[in-house]
Amino acid sequence: MELVVLSSFLAATVRMAAPIALAALGETISEKAGVSNIGVEAIMLSGAYFSFWAMFQSGNVYVAVFAGILGGAGTSLIHAFLSLRCKADQTIAGLALNFLFLGLTSFLFLMQFGKTTTLPSITVLKPVALPLLSNIPIIGEALFAQDPFVYVLYLMVILLMVFFYKTEWGVILHAVGEAPRAADTAGIKVHAVRYLACTANGVLGGLGGAYLTLVKLGFFQENLTGGKGYIALVAVILGRRNPLGVLIAALVIGSAEALQIRLQTLGSTIPSQAFSMLPYVVTVLVLMLSMGKGHNPAALGLPYERDKR
Amino acid sequence: MAEVLVRATPLMLAALGVSVGFRTGFLNIGAEGQLYLGAISITWLGMTFPTLPAPLMLVLSLVLGFLSGGLWALIPGLLKAKFGLSEVINTIMLNYIAINLVGILVRTSLKDPTYPYPMSPMLPASTNFLQLLSPTRLHAGLLLALVCAALVYLLMFQTTLGFCMRAVGLNARACQCSGIAVSKYVIISSLISGGLSGLAGVSEIAGLHHRLIEGISPSYGYLAIIVSLLGRNNPVGIVFASLGIAALQVGSMSMQRSSGVPTSIASIIMGLVVIMILSRKSLFRCKEA
C-alpha cells in the first residue's frame with residue numbers, strides 16, 4: 001500500500017516537473033548564448049493557449065503541439081528582436097512580454113470562446129507505458145509510464161548534454177555567451193547564433209506550455225501558468241545551466257508541488273494556501289542553498305554591439 | 001475621474017518604490033508582495049490595538065507599513081548584495097508567498113469570526129484615512145503618495161545618499177573601485193523600495209477597503225513597474241504615468257461595462273506600450289546614444 005502511494009507520488013512529481021523542465025531547458029540554451037529571457041512565462045502561456053486553440057479546432061494532437069511550438073517561438077522572437085536588435089534591457093523586455101501575453105491570451109480566449117460557465121475542454125493525452133521498463137518497482141511507473149512529452153524531455157536532456165559538451169556547436173554557443181567579441185573575431189555570427197538560441201528557447205518553452213493544456217489540464221484559463229515560467233528560471237539557475245542539473249532541479253520543485261496537492265486533499269483544517277505556498281518557499285530556500293556556486297555566462301544580459309567597445 | 005485618482009494612489013506609491021530600486025540597479029519585481037505585507041501590518045495593528053487614538057494610529061500604521069514592506073524587500077536585497085542572487089526571481093517568489101500569506105491570515109488569525117467569508121473584521125475608525133470628496137472613494141492616500149513623491153525626489157536628487165544610490169545603479173563596478181560600498185546602497189534601496197510599496201498597501205486598506213481581503217491588489221505591484229518605466233524613474237514622471245495607467249484601467253473597465261470589451265485589453269496595451277518604448281530607438285531612429 002505504502003509503495004503504491006510512493007510510486008504515484010513520484011509519478012505526479014515527474015508530471016509537475018515536466019513542463020518546468022522543458023521550459024527551463026529552453027531558457028538554458030538562451031542563457032548560454034547570453035540572452036536572459038524573463039519572459040518564459042509569456043512563452044509558456046502563448047504555447048499553452050495556441051496549442052489548446054489548435055487542439056480545440058482540429059482535434060489533431062500533432063497540429064496542436066506544432067501550434068504550441070509556433071506560439072512559443074513567436075513570443076521568444078519578439079524578445080530576441082527587442083534585446084538583440086533594439087538592445088533593450090532584457091529583463092524589462094521579458095516583463096513587458098509577460099504582461100502582453102497575459103492580456104493577449106485571455107483576450108483571445110474570451111473572443112474565441114466567449115464567457116461560458118463551462119470551460120471548453122479537450123481530451124488530454126494518455127500516458128504510454130514503455131514495455132519492461134515501466135514494470136520496475138517504485139520508479140518504473142514514475143519514469144516510464146508517462147505521456148510522450150516526458151519521453152521527449154528525456155531525449156532533450158540527453159541531446160542537449162551531447163550538444164553542449166561534445167559538439168562544436170556547443171562550443172560556439174558557449175563562446176557567444178562568454179565572449180561575444182572574441183566569437184565575432186573568430187568569424188562566428190553572434191546575432192545569428194543568439195537568434196537561433198532564442199528560437200530554441202521558444203520552441204521548448206512552447207512545448208512546456210502545450211504540456212499544461214494538452215496533458216495536464218485539458219482546458220485553458222486566464223493566467224494558466226501561474227508563475228511556472230518564473231519557476232523554470234529558478235530551475236535554470238539551480239541546475240547551473242547543465243541539462244541534467246536542470247532536470248533534477250525541476251524534479252525537486254515538482255516534488256514540492258506534488259506534495260502540496262497531496263497535502264491539500266488530506267482535508268486538514270490548515271488553509272490550503274499554506275500548501276500552495278510550498279513550491280515557492282521551496283524555490284527560495286533551494287535558491288539560497290545554491291548561492292555562491294553559480295557561474296553566469298560572462299555576457300549574460302548584455303547586448304552585443306559590433307562597433308562599440 | 002475621482003476613481004482614476006483612487007486607482008493612481010497605490011500605483012504611484014508602489015511605482016515610486018520600484019523607481020528607487022531601479023535607480024540603484026535593484027530590479028524590484030516584488031512590489032506586489034510588499035504591498036500585501038503593508039496591508040497585513042495595518043490590519044494587525046488595527047485588530048491588536050483598536051483603542052489607540054487616531055493620530056498615533058496613523059503614524060504607527062505608516063511606520064509599520066513602511067517597515068514590513070521594506071523588510072520583505074530586504075530579503076532579496078540582502079541576498080543580492082551579499083550573495084549575488086538574482087533579485088528578480090526572489091522578489092517574484094516572495095510575491096506568491098505574500099499572496100498566499102494573506103490567504104492564510106484571513107482564514108486563521110485575522111479572520112472575522114462572525115462572517116463566513118475569509119476576510120478580516122472591519123478595522124476601527126481610527127485607522128481610516130480621511131475621505132476627500134465625500135460621495136467618491138477618493139481618500140487621503142493620494143496626498144500621502146504626492147508627499148512621498150516629493151520626498152523621493154529630494155532623497156534621490158538632493159542628498160548624498162541619493163547620489164550614491166544613483167551612481168551604484170549607473171555603474172556598480174566603478175563605484176566599487178572608487179570605494180563606495182555598493183552592497184550597502186543596494187540594501188538601503190531595497191528597504192526604501194519595499195517600504196514605499198508597503199505604504200501602498202497601508203493606503204489601500206486605510207483609505208479604501210478598511211479590512212483585509214484576498215486580492216486587494218489587481219496586480220498593482222506589476223503595473224507599478226510599467227508606471228516606473230513610463231515615468232523614466234523620475235518622481236514627477238511617475239505621478240503623471242500613474243494617472244495615465246490608472247485612466248487606462250478605469251477606462252477599460254467602463255468599456256467592458258458598456259460594450260463588452262474584455263479588461264485584458266488594458267494589459268495588452270500596456271505590454272505594447274513598453275515594447276514600443278524599448279524598441280523606439282531602432283524603429284524610429286531617435287537620436288539617443
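Atoms considered below: every heavy atom in the structure, side chains included; atoms not considered: hydrogens, waters and symmetry mates.
Shown here for A:Phe99 and B:Gly271, the closest heavy-atom pair between the two residues is CB-CA, 4.3 Å.
For a residue to count as touching a neighbouring chain, one of its non-hydrogen atoms must lie under 4.5 Å from one of that chain's; by this rule A:Leu95 touches chain B with the side chain only. For B:Ile29, the part lying near chain A is the side chain, with the backbone staying farther off; criterion is any non-hydrogen pair under 4.5 Å. For chain B, the nearby part of A:Leu82 is the side chain; its heavy atoms alone come within less than 4.5 Å. The contact between A:Thr91 and chain B is made entirely by side chain atoms (from C-beta outward), counting heavy-atom distances below 4.5 Å. In this structure, chain B has heavy atoms under 4.5 Å from both the backbone and the side chain of A:Ile92. B:Ile104 touches chain A through backbone and side chain together, each having a heavy atom under 4.5 Å away. Interface residue B:Ile275: backbone and side-chain heavy atoms are both found under 4.5 Å from chain A. Only the side chain of B:Leu229 comes within contact range of chain A, with heavy atoms under 4.5 Å apart.
Of the listed residues (A:Pro279, A:Ala42, A:Ala88), the greatest number of heavy-atom pairs within a distance under 4.5 Å of chain B belongs to A:Ala88. Among B:Val88, B:Leu27, B:Ile226, B:Thr108, the residue with the largest count of heavy-atom pairs under 4.5 Å with chain A is B:Ile226.
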Could you walk me through whether B:Met93 and A:Ile231 pass side-chain contact (heavy atoms from CB on, under 4.5 Å), step by step?
CA-CA 8 Å; B:Met93 291 301 125; A:Ile231 291 182; 3.8 Å; yes
I would like to know whether B:Asn100 and A:Tyr280 meet side-chain contact (heavy atoms from CB on, under 4.5 Å); could you show each step before the answer?
CA-CA 10 Å; B:Asn100 280 309; A:Tyr280 305 112; 4.2 Å; yes
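Listed by chain and residue number, A:Leu45, A:Asn223 satisfy the side-chain contact (heavy atoms from CB on, under 4.5 Å) test with A:Leu102 (two or more places apart in sequence, or in another chain). Applying the side-chain contact (heavy atoms from CB on, under 4.5 Å) test to A:Leu251 and every residue at least two apart in sequence or in another chain returns A:Thr13, A:Val14, A:Ala17, A:Leu247.
How far OG1 of A:Thr283 is from CD1 of B:Ile97: 8.0 Å, rounded to the nearest 0.5 Å. In this structure, A:Ser106 OG and B:Ile268 CD1 are separated by 7.0 Å, a value rounded to the nearest 0.5 Å.
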